[in-house]
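Both counts, for ligands and for their atoms, begin at 1 and track the order of listing.
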Amino acid sequence: MNQEKINFNAGPAALPAIVIKQAADAVLQYKNTGISILELPHRGPEFLAIIEESKALVKELCNLGNDHEVLWLQGGGRLQFSMIPMNFLTPQDTAGYIDSGHWAAEAMEYGAYYGHIQVMGSSRATHYDHLPEWPQEIPNHLKYLHITTNNTIYGTQYAHVPKINVPLIADMSSDIFSCTRDYSNYDLIYAAAQKNLGTPGVALVIVKKELLSRIANHVPPMLNYKAQAHENSILNTANVSGVYTSLLMLRWIKEKGIANIEAENNRKAELLYNAIDNSSLFTGYVKNPAHRSKMNVCFTAVNKEIEQAFLKLCAENNIIGIQGHRSTGGFRVSIYNAVEEASVITLVELMKKFETNS
Ligand SMILES: *Cc1c(COP(=O)(O)O)cnc(C)c1O
């Protein structure tokens with residue numbers, strides 16, 4: 001193992017050491033095929049087995065049955081921003097979006113290329129430092145309501161999402177499988193893999209079969225959920241090694257169990273938020289504890305000098321990836337499923353030491 005740094009990057013993010021080892025083994029030779037996973041045919045029996053096992057695991061982890069399709073698509077999160085309105089909105093239709101952060105806003109912008117957008121709540125005016133109020137009433141004419149369960153850049157997260165009267169579509173890119181959820185509540189879930197589920201360029205989509213019957217005409221096969229489902233996500237040359245890495249992650253998640261992962265995520269987040277709240281040098285970006293993300297912890301320092309000094313100290317201690325997004329500044333520590341509690345403890349101890357010596 002050559003991972004000598006503690007990696008708090010927001011994505012591509014840290015992977016479990018065992019998954020990196022298994023992926024490395026598969027790069028040298030996949031099972032007993034005599035070839036590397038990087039060379040494995042996308043239409044052969046081995047990749048079909050990878051697809052089938054991964055689909056079954058996703059359904060098992062989400063407690064879903066035959067009413068749902070599981071797809072592995074390319075193009076990451078942003079292609080889903082486009083495919084959703086492309087498939088489910090025509091220029092006459094309206095979709096609702098909750099504008100809770102950077103990615104939520106971008107999803108909404110993409111939606112506006114295809115139909116009307118109704119903003120069903122926004123926290124943009126205060127730079128997304130809290131979650132917008134959940135809409136009192138959701139108009140029945142909306143083709144869907146789009147939400148982002150975890151706002152990766154500003155660090156807010158919906159702990160609970162109620163059942164609603166129109167199709168509910170959720171971007172779970174940065175918190176899928178991080179906590180127990182009623183996945184049956186959602187009509188379409190998507191997640192770019194590079195945060196909690198593998199490597200970049202792969203997106204997981206879980207869609208209710210019923211929704212597939214509502215797809216607009218004139219959506220070409222590659223961008224059409226129904227056509228992708230029909231071809232078992234192997235419509236074109238699939239991202240074989242990317243999907244395999246996601247399968248390794250799914251096996252790892254299943255072995256740990258989502259309830260255990262959630263308990264560990266709660267402890268990690270509590271450690272870090274407590275350190276921030278008890279510090280005279282750092283301030284949490286999101287003030288309301290009920291709105292705080294357990295995946296991306298955002299905070300600022302009292303001034304630029306302190307910020308730079310702490311970044312330098314972290315670099316000297318092999319801690320990387322804690323600089324805030326270019327739009328927010330400050331710090332963002334991403335503590336996805338694969339980030340170990342010990343890594344968070346190391347960071348928190350360094351914060352305390354820094355404070356004592358400042
Ligand atoms: C990272 C992220 C995206 C963007 O994913 P890309 O694969 O880079 O397009 C979208 N939504 C959320 C919530 C994210 O965290």
Looking only at protein heavy atoms, which one is nearest to [atom], and what is the separation?
atom: atom 13 (C) of ligand 1; value: Asp171 OD2, 3.3 Å
atom: atom 15 (O) of ligand 1; value: Thr152 OG1, 2.5 Å
atom: atom 2 (C) of ligand 1; value: Lys195 NZ, 2.5 Å

Mind checking whether Gln194 contacts ligand 1 via backbone (N, CA, C, O), side chain (CB onward), both or neither, at a 4.0 Å heavy-atom cut-off?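 Side chain only; the backbone of Gln194 stays clear of ligand 1.
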
Check whether any N or O atom of [X], backbone or side chain, sits under 3.5 Å from an N or O atom of ligand 1, and answer yes or no.
X: Asn150; result: no
X: Gly75; result: no
X: Arg78; result: yes

Asp99 bridged to Arg124 by N-O distance under 4.0 Å: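 A salt bridge is present here (some side-chain N lies under 4.0 Å from a carboxylate O).
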
With heavy-atom distances below 4.0 Å as the criterion, list the atoms of ligand 1 near Ala192.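 Going through ligand 1 atom by atom, the ones under 4.0 Å from Ala192 are 5 (O), 7 (O).
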
Taking 4.0 angstrom as the limit and counting only heavy atoms of Gly76, give me the atoms of ligand 1 inside it, by number and element.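 Within the 4.0 Å cut-off of Gly76, ligand 1 contributes 7 (O).
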
Ring center gap for [X] and [Y] short of 6.0 angstrom:
X: Tyr285; Y: Phe299; value: no
X: Phe47; Y: Tyr30; value: no
X: Phe331; Y: Phe310; value: yes

Answer yes if the side chains of Asn150 and Ser293 hold a donor-acceptor pair under 3.5 Å, and no otherwise.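 Their side chains do contain a donor-acceptor pair, which is all the 3.5 Å distance test asks for.
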
Can you name the one residue among Gln22, Lys21, Gln29 that meets side chain to side chain donor-acceptor pair (under 3.5 Å) with Asp25?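 Of Gln22, Lys21, Gln29, side chain to side chain donor-acceptor pair (under 3.5 Å) with Asp25 is met by Lys21 alone.
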
Over 60° means perpendicular and under 30° means parallel, so classify the ring planes of Tyr113 and Tyr110, tilted if in between.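 Judged by the thresholds at 30° and 60°, the geometry between Tyr110 and Tyr113 is perpendicular.
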
